[in-house]
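Quick notes on the structure that follows.
All values below come from the heavy atoms of this structure, side chains included, with hydrogens, waters and symmetry mates left out. A, B, ... follow the sequence lines: proteins, then strands. Residue 1 opens every chain. Quick caveat: nothing in here was measured; it's all calculated off a predicted structure.
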Number of protein chains: 2
Amino acid sequence: MKPANVYDVAAAAGVSTATVSRYFRSPEKLSQATLDLVREAVDRLGYLPSGMARGLAERQTGAVGLYSFSGHEPDELIDADRAADSEGPVRPRLYPLFADEVLRGVELECTLRRLPLVVGWQLGREAGISLDEIARRVDGVVVLPSTISEAQLAQLAKTKAVVLVSQPGGGRDGIDSVVVDNEGGMAALAEHLVHVHGVRALWYAGPENGYEHEARRRGLDSALARAGVPLPGPTVVDAGSRAASREIAARLLAAEEPPRAIVCASDQTALGVMEAVRAAGHRIPEDVIVTGFDGIDAGRLTDPGLTTVRQPMERLGRAAMGLLAERLADPGLGPRNPMLPVELLLRGSCGCGDGRPASISVS
Amino acid sequence: MKPANVYDVAAAAGVSTATVSRYFRSPEKLSQATLDLVREAVDRLGYLPSGMARGLAERQTGAVGLYSFSGHEPDELIDADRAADSEGPVRPRLYPLFADEVLRGVELECTLRRLPLVVGWQLGREAGISLDEIARRVDGVVVLPSTISEAQLAQLAKTKAVVLVSQPGGGRDGIDSVVVDNEGGMAALAEHLVHVHGVRALWYAGPENGYEHEARRRGLDSALARAGVPLPGPTVVDAGSRAASREIAARLLAAEEPPRAIVCASDQTALGVMEAVRAAGHRIPEDVIVTGFDGIDAGRLTDPGLTTVRQPMERLGRAAMGLLAERLADPGLGPRNPMLPVELLLRGSCGCGDGRPASISVS
DNA sequence: CTGAAAGCGCTAACAA
DNA sequence: TTGTTAGCGCTTTCAG
């Protein structure tokens with residue numbers, strides 16, 4: 001039997017559909033007697049107003065969206081069933097990752113603001129959910145770094161509010177953004193390595209595409225240049241891929257002398273690199289220092305702990321959703337593009353942190 | 001300027017609205033020439049079909065929902081900004097909790113099945129988002145334990161597919177459920193305490209309302225009865241509240257002799273109890289054994305590690321969304337109510353786990 | 001392969 | 001305070 005609609009309820013209560021609508025939208029405009037009448041009919045029929053019809057009529061969905069890459073590799077996800085529930089010193093699957101923590105912040109903000117959240121994950125290039133599937137259901141969407149082209153984003157921004165996370169909004173109309181100080185964080189890390197640990201020869205591992213990684217590389221290079229240390233060559237490594245990890249190991253074995261440090265563009269890459277360094281027979285940090293970027297939880301659980309630059313991930317999510325909510329409330333706002341500070345986390349993998357990890361605020 | 005709709009696109013392309021609709025829904029029915037015509041218009045106008053209008057016309061939303069309690073206390077969430085980004089041996093705010101891990105499983109399954117997910121959290125009794133706000137936007141919803149009455153659930157199930165997590169579906173029509181073996185897990189834990197550690201006097205801490213806790217209590221009592229150990233009295237403690245933790249501490253101080261063990265209905269309660277036990281001047285596990293239930297991550301990070309019963313939380317979420325997707329695909333299905341096995345995790349807080357934690361499968 | 005037109009269920013003027 | 005009615009934007013027969 002198909003669910004009741006306004007007409008059914010109106011007929012059952014002996015009122016008009018407008019009155020039934022008012023019962024939900026502006027009960028204060030109805031008399032007590034009418035209220036009771038409608039309530040009875042609603043309860044009896046188990047009536048739940050359709051969000052689709054309501055959205056159509058109101059010309060807005062009343063919901064917000066989050067679109068993200070999954071952070072995991074497809075095959076890893078498919079196998080997740082097996083991996084998820086085992087336990088050990090090293091987790092079989094990394095969690096929570098950057099995207100998970102940002103999501104938590106977004107959810108939190110949505111809960112506080114009473115906004116239903118529609119989430120969708122991109123998985124690899126083709127799998128998962130498309131941004132359009134999310135966007136068509138919401139008034140505005142927070143977009144995490146994903147393989148969405150600038151053009152698509154600009155197109156979308158014409159009809160929906162868009163807030164970019166970890167990608168510069170570029171002052172484009174209708175596109176807000178929130179980023180962290182990637183450049184400053186990486187520069188601070190580089191200075192630490194050079195001045196405290198005397199590092200003068202290092203490798204850089206990480207994908208070189210994308211705004212975040214470019215900013216990090218820039219921070220690294222400028223700090224090294226200032227310190228008079230030769231810049232590392234480009235090392236392209238796909239974060240998380242086992243092949244990349246093997247490649248690093250092979251390069252280490254092939255090298256006449258291993259670098260004093262390997263600076264990675266992300267913690268996930270760094271965890272793979274740590275494995276590779278050990279596979280090549282070197283000790284961390286005595287032979288090779290390894291550093292990451294992000295501050296995911298897994299970096300605390302390795303031995304030694306991973307020295308890294310921590311992004312305020314949950315805050316990033318909250319800020320992004322906050323910007324979105326504000327824009328929805330006032331579309332006239334100019335573009336906002338805040339930058340959040342990061343924090344240098346010194347743990348064992350750089351040779352610091354005998355005892356508790358130290359943390360240093362940057363920017 | 002308001003966003004383009006089908007009519008705009010149809011006019012721009014010189015075709016009918018039906019053709020524009022077919023462009024998206026069944027492109028194989030259109031000639032190449034028409035396809036090109038429409039594509040051009042769509043791109044030029046930045047057209048994104050409205051999910052609301054589509055849902056209305058199709059009589060289904062094409063999305064699924066997840067409704068959950070937040071797992072955190074409201075004040076904790078409000079202050080989250082400050083707490084979220086600090087670091088230390090014990091995290092200022094517990095994460096990920098049960099609900100977070102289940103959510104992850106649900107998201108994962110949605111990603112694989114390409115289903116947009118609408119999430120909403122209840123916060124305390126009144127704050128946060130209401131179940132109706134989620135339900136009206138989706139075809140079916142997964143509901144985590146929350147303060148939703150049986151009556152409301154039954155009402156909702158009349159119009160939407162509902163899958164309960166950690167609550168028995170009770171064979172009701174249209175209500176599926178997935179639970180874990182709470183009773184068996186707690187019984188296994190109790191037997192371990194009695195037979196391995198010789199526990200004969202213990203307290204039970206945890207809220208006594210709700211299906212999960214009732215099942216756990218039942219498992220505890222029956223195992224103790226079988227072993228001829230006197231049953232603990234009821235101890236009602238609101239999980240996570242500081243007042244409850246203080247109360248435990250006070251009771252310990254008032255007691256002539258502390259119990260050999262305090263068995264808790266959840267890890268969150270157990271973490272509070274561990275604090276309380278120490279505050280009362282006792283050592284864990286030498287003086288007092290403390291155990292939890294859930295297997296959240298935070299239980300690994302305490303010193304000593306928390307002995308607990310691990311639920312396969314991610315799998316719970318995946319299973320729930322799987323059931324929902326299947327029912328949506330075939331509404332004729334009878335009620336499904338699977339029970340997932342749990343695992344006993346022996347760590348330091350019961351006196352086991354010199355070295356690596358042991359884990360024992362239950363059921 | 002394409003078009004015309006009738007809804008889908010709700011809201012919001014506008015009247016009464 | 002309540003009712004009438006015209007859309008909201010899309011899909012889907014039914015014709016052609």
Margin query: Please confirm whether the ring centroid of B/F24 lies under 6.0 Å from the ring centroid of B/Y47.
Written below: yes

Reading nucleotides 2-10 of chain C from 5' to 3' and marking B where a protein heavy atom lies under 4.0 Å of the base, S where only the sugar-phosphate is that close, and - otherwise, the string is BBBB-BBBB

*asked:* Here's one to test your reading of the geometry: is the NZ or CZ of B/R39 within 45 degrees of the ring axis of B/Y23 and under 6.0 Å from its centre?
replied: no

Quiz prompt | Heavy-atom check, side chain of B/L164 versus side chain of B/V162, under 4.5 Å | solution = yes

So the contacted stretch of DNA chain D, first to last nucleotide with an atom under 4.0 Å from a non-hydrogen atom of chain A, runs from D/dT1 to D/dG9

Heavy atoms of B/F98 and B/S166 approach each other most closely as CZ-OG, 3.6 Å

dist A/E314:CD -> A/D100:CG (nearest 0.5 Å) comes out at 12.5 Å

task: Could you tell me whether A/R336 and A/E326 have a side-chain N and a carboxylate O separated by less than 4.0 Å?
output: yes

Exactly one candidate in A/E107, A/E109, A/E101 meets salt bridge (charged side-chain N to carboxylate O under 4.0 Å, His left out) with A/R318; the answer is A/E109

